[in-house]
Amino acid sequence: MDRYEQVIELAKRRGFLWNSFELYGGTAGFYDYGPLGSTLKRRIEQIWRQLYVIQEGFMEIETPTIGIEDIFVASGHVGGFSDPLCECEECGEAFRADHLVENVTEIADALSNEEVDRLIEDNDVVCPECGGILGKAHEFNLMFKTAIGPGSGRAGYLRPETAQGMFVNFQRLSRYYREKLPFGVTQIGKSYRNEISPRQGVIRLREFTQAEAEIFVDPGNKDHPNFRKFADDILNLYSEEGQQRRTVEKIALKDAVDSGIIAHEFLAYHIGLTNHFLQRVGITADKLRFRQHMKDEMAHYAIDCWDAEIKTERFGWVEVVGIADRTDYDLNAHAKMSNTELAVYREYDEPKMIEQFVVKPDMGKLGPLFKGRSKAVAEVLRSMSRDALDVEEITINIEGEEFIVPSDIITYSQETVKVSGETIIPHVIEPSYGIDRILYSVMEHAFGEEMVPAKEDDEIDANEETRTVLKFRGEIAPVQVAVLPLLTKNELIGPATGIMNALREKGILVSYDASGTIGRRYRRNDEIGTPYSITIDFETLEDNTVTIRDRNSMHQVRTSIENIEEVISDLIYKNRDFETTGIRIE
RNA sequence: GCGUUGAUGGUCUAGUGGUAUGACUGUGGCCUUCCAAGCCACAAACCCGGGUUCGAAUCCCGGUCGGCGCACCA
């Protein structure tokens with residue numbers, strides 16, 4: 001069993017991850033989160049909220065998982081997700097069908113699959129790799145399509161990313177943030193891609209959870225006011241240049257910006273924030289790197305893009321977060337599609353006095369002359385230059401129609417105009433997290449097998465046994481503390497229940513376990529990553545003390561029942577040193 | 001999607017044309033004392049569909065799911 005199998009086997013057995021629809025045989029690309037998995041996932045998301053929503057102030061919104069066609073036409077997903085592909089019947093290589101017929105037609109990308117097939121046949125297009133015969137063109141549409149409403153309905157798609165729901169709310173959001181850049185918005189939710197052949201368990205899913213932030217910034221100012229916070233952090237950077245040399249470099253973010261490796265401070269800040277987040281949820285620092293997209297792999301509209309990649313035993317480096325400067329691409333696309341201006345007005349510090357050439361058509365005269373067309377004529381006149389207007393009769397052309405305008409109908413002058421601001425289309429910085437991949441990576445990095453001394457027993461030779469333990473950070477461990485009466489005796493169950501209730505009132509997730517020997521129960525809790533165990537024994541009845549056991553060190557202290565919930569809370573949330581919580585016992 | 005390979009309790013596994021082996025886990029009980037190994041009892045499985053057969057978990061075909069290779073991963 002490799003590490004992946006060990007983690008997945010444990011995840012399945014202990015209620016973290018289950019194959020969906022298993023009762024009916026299952027379907028690839030879907031996973032259920034069991035009791036511990038859901039809790040772990042929620043704790044990871046909660047830390048994400050703590051950083052992005054509370055600390056950064058990027059409020060969370062929630063938009064439908066189904067989107068209408070226009071959204072995905074504008075975003076490019078309808079076109080981009082339905083490339084026709086042809087596979088070679090000889091060598092099996094797949095090619096973009098429209099690219100294959102580019103040389104024999106002008107309109108390759110506007111053809112139906114049948115038309116492409118016919119062109120391939122008529123022009124004897126063969127496989128560019130091996131010269132073999134090509135199969136029929138077929139669509140690879142990675143979006144799930146559905147119908148909204150009865151009958152054939154209106155086309156809808158399950159969203160392939162949460163981002164579009166935020167872009168299309170730009171105007172509302174801009175107003176919410178009182179029209180001041182920068183501002184950001186976040187969404188945590190499900191996205192859907194109908195992958196052709198999902199494998200690799202939870203690494204590639206058809207339904208998955210994204211946590212995305214869209215941060216709208218002034219394109220003229222991509223400095224970050226709090227950059228200092230991460231400026232000195234040293235990260236494993238795998239830059240475009242580094243990839244050519246196949247070397248990952250440890251560089252401080254400040255230096256990466258100064259030397260131009262990272263495009264600008266704002267992006268670097270968010271790389272820093274991602275680094276902070278991933279380590280806080282328990283990703284091992286030396287199994288984490290940031291890889292820059294190569295020029296040819298980056299979407300054409302992006303300026304710079306970095307992926308956070310995590311090293312896993314089976315899959316190697318797995319992309320878990322993408323941090324991109326998407327420029328104004330999305331807002332432009334939706335502005336065009338919806339015919340609505342998606343921009344903010346930025347007031348200058350000082351109004352600018354601008355020399356302007358101003359044309360003033362006399363509408364009183366234009367009106368009777370051109371009737372219904374006079375407004376369009378005036379528009380054109382206003383945009384003309386002084387030279388073009390300085391003639392006897394001005395001839396203009398609107399949609400093939402000619403208009404002759406006598407020059408005495410207009411006046412023009414050079415004027416000084418006060419301009420107090422300008423309209424700008426913000427650029428978008430987008431950190432996009434794949435929560436499921438992160439959750440798996442956290443489990444893998446937390447997973448450990450340790451050899452520990454076995455209990456003495458003459459009949460068994462081995463003096464060591466394997467302890468399986470998930471070393472989750474306290475903050476993300478699904479079960480935060482186990483309450484264990486040493487024996488199943490009523491006099492022990494009473495105080496145990498009391499302690500459990502006090503902990504629960506404090507908001508701590510407790511598992512109560514009275515079944516089996518104490519050693520077995522410790523091991524059970526090690527395996528699901530419970531950081532602390534409280535054991536109630538007969539001494540408790542005498543002096544109101546219990547033992548607390550630390551999962552990682554297996555050390556125990558004896559401490560008072562009084563305020564035990566505060567002690568546990570401090571251990572989990574405030575990084576209190578375990579050894580300070582009581583008297584160490586051997 | 002193509003090729004290849006596998007599928008037996010929760011987990012790991014034995015096995016056969018006549019309904020299944022063992023271990024671990026789990027549950028209940030016993031146990032005055034702390035790291036899975038004590039005692040008693042209990043629970044729990046042949047991936048799905050079709051075919052051959054008196055009878056199929058076993059043989060054959062198809063599917064599903066998993067692994068691997070190829071392709072795909074905006």
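Letters A, B, ... mirror the listed sequences (proteins, then strands); counts begin at 1.
- For the C1' atom pair drawn from B:C24 and B:C61, the interatomic distance equals 37 Å after rounding to whole Å.
- With P as the reference atom, B:A57 and B:A7 are 16 Å apart, rounded to whole Å.
- Taking 90° from 0 as the syn/anti boundary, the base of B:U19 is oriented syn.
- The shortest distance between the side-chain N/O atoms of A:Thr517 and the OP1/OP2 oxygens of B:A37 is below 4.0 Å.
- Spacing between atom CD of A:Gln6 and atom C1' of B:G67 amounts to 16 Å, rounded to whole angstrom units.
- Between A:Phe472 and A:Phe16, the angle of the ring planes lies from 30° to 60°, which puts this pair in the tilted group.
- Relative to the side chain of A:Thr488, the nucleotides B:C73, B:C35, B:C31 differ in distance, and B:C31 lies closest.
- A donor and an acceptor atom never sit less than 3.5 Å apart when one is taken from the side chain of A:Asn19 and the other from the base of B:C65.
- A cation-pi arrangement is present between A:Arg289 and A:Trp317 under the rule of less than 6.0 angstrom and at most 45 degrees off the ring axis.
- Residue A:Lys489 places at least one side-chain N or O under 4.0 Å from the OP1 or OP2 atom of B:C31.
- With a cut-off of 3.5 Å on both Watson-Crick or G-U wobble distances, the partner of B:G28 is given as B:C40.
- With salt bridges taken as basic N to acidic carboxylate O contacts below 4.0 Å, one links A:Arg314 and A:Glu5.
- Side-chain proximity of A:Met554 to B:C34, B:C35, B:C73: nearest is B:C35.
- Rounded to a whole Å, the CZ atom of A:Arg314 is 9 Å from the C1' atom of B:C68.
- Under 4.0 angstrom from either OP1 or OP2 of B:G28 there lies at least one side-chain N or O belonging to A:Ser515.
- For B:U25, the OP1/OP2 oxygens have no side-chain nitrogen or oxygen of A:Arg523 closer than 4.0 Å.
- In this structure, B:U52 forms no base pair with any nucleotide, since neither Watson-Crick nor G-U wobble geometry is met with both distances under 3.5 Å.
- Comparing the C1' positions of B:U8 and B:G66 gives a spacing of 16 Å, expressed to the nearest Å.
- For the C1' atoms, the distance linking B:A45 with B:C40 amounts to 25 Å, nearest Å.
- The distance from atom CZ of A:Arg521 to atom C1' of B:C31 is 12 Å, rounded to the nearest whole Å.
- Comparing atom distances between the A:Thr547 side chain and each of B:C35, B:C12, B:C34 picks out B:C34 as nearest.
- B:U16 and B:C47 have their P atoms separated by 16 Å, with the value rounded to a whole Å.
- Counting to the nearest Å, the C1' atom of B:G67 and the CD atom of A:Glu313 are 18 Å from each other.
- Taking atom CZ of residue A:Arg13 and atom P of nucleotide B:U25, one finds them 11 Å apart after rounding to whole Å.
- Base-pair partner of B:C70: B:G1 (Watson-Crick or G-U wobble, both distances under 3.5 Å).
- Taking atom P in both B:G49 and B:U64, the straight-line distance is 15 Å, to the nearest Å.
- The partner of B:U64 is B:A7, judged by Watson-Crick or G-U wobble contacts that both fall below 3.5 Å.
- Distance CD (A:Glu195) to C1' (B:G1): 14 Å, rounded to an integer number of Å.
- Residue-level contact check: A:Gln556 touches the bases, meaning some heavy atom is under 4.0 Å from a base atom.
- Taking atom P on both nucleotides, B:G9 is separated from B:U5 by 23 Å, rounded to a whole Å.
- Residue A:Arg520 places at least one side-chain N or O closer than 4.0 Å to OP1 or OP2 of B:A37.
- Ring pair A:Phe216/A:Phe167 is perpendicular by interplanar angle, where above 60° counts as perpendicular and below 30° as parallel.
- Enclosure of atom NZ in A:Lys12 is not indicated, since only 12 or fewer non-hydrogen atoms of other residues, nucleotides or ligands lie within 6.0 angstrom.
- Regarding A:Ile493, its CD1 atom lies at a distance of 12 Å from the C1' atom of B:G29, rounded to whole Å.
- Distance OG1/A:Thr497 to CG/A:Leu492: 10.5 Å, rounded to 0.5 Å.
- Residue-to-nucleotide contacts include no donor-acceptor pair under 3.5 Å from the side chain of A:Tyr24 to the base of B:C48.
- Spacing between atom CG of A:Asp2 and atom C1' of B:G66 amounts to 13 Å, rounded to whole angstrom units.
- Across the P atoms, B:C46 and B:A20 are found 11 Å apart, a figure rounded to whole Å.
- In this structure, A:Ile583 places its CD1 atom where only 12 or fewer heavy-atom neighbours from other residues, nucleotides or ligands lie under 6.0 Å away.
- One cannot find a donor-acceptor pair under 3.5 Å joining the base of B:C34 and the side-chain atoms of A:Arg549.
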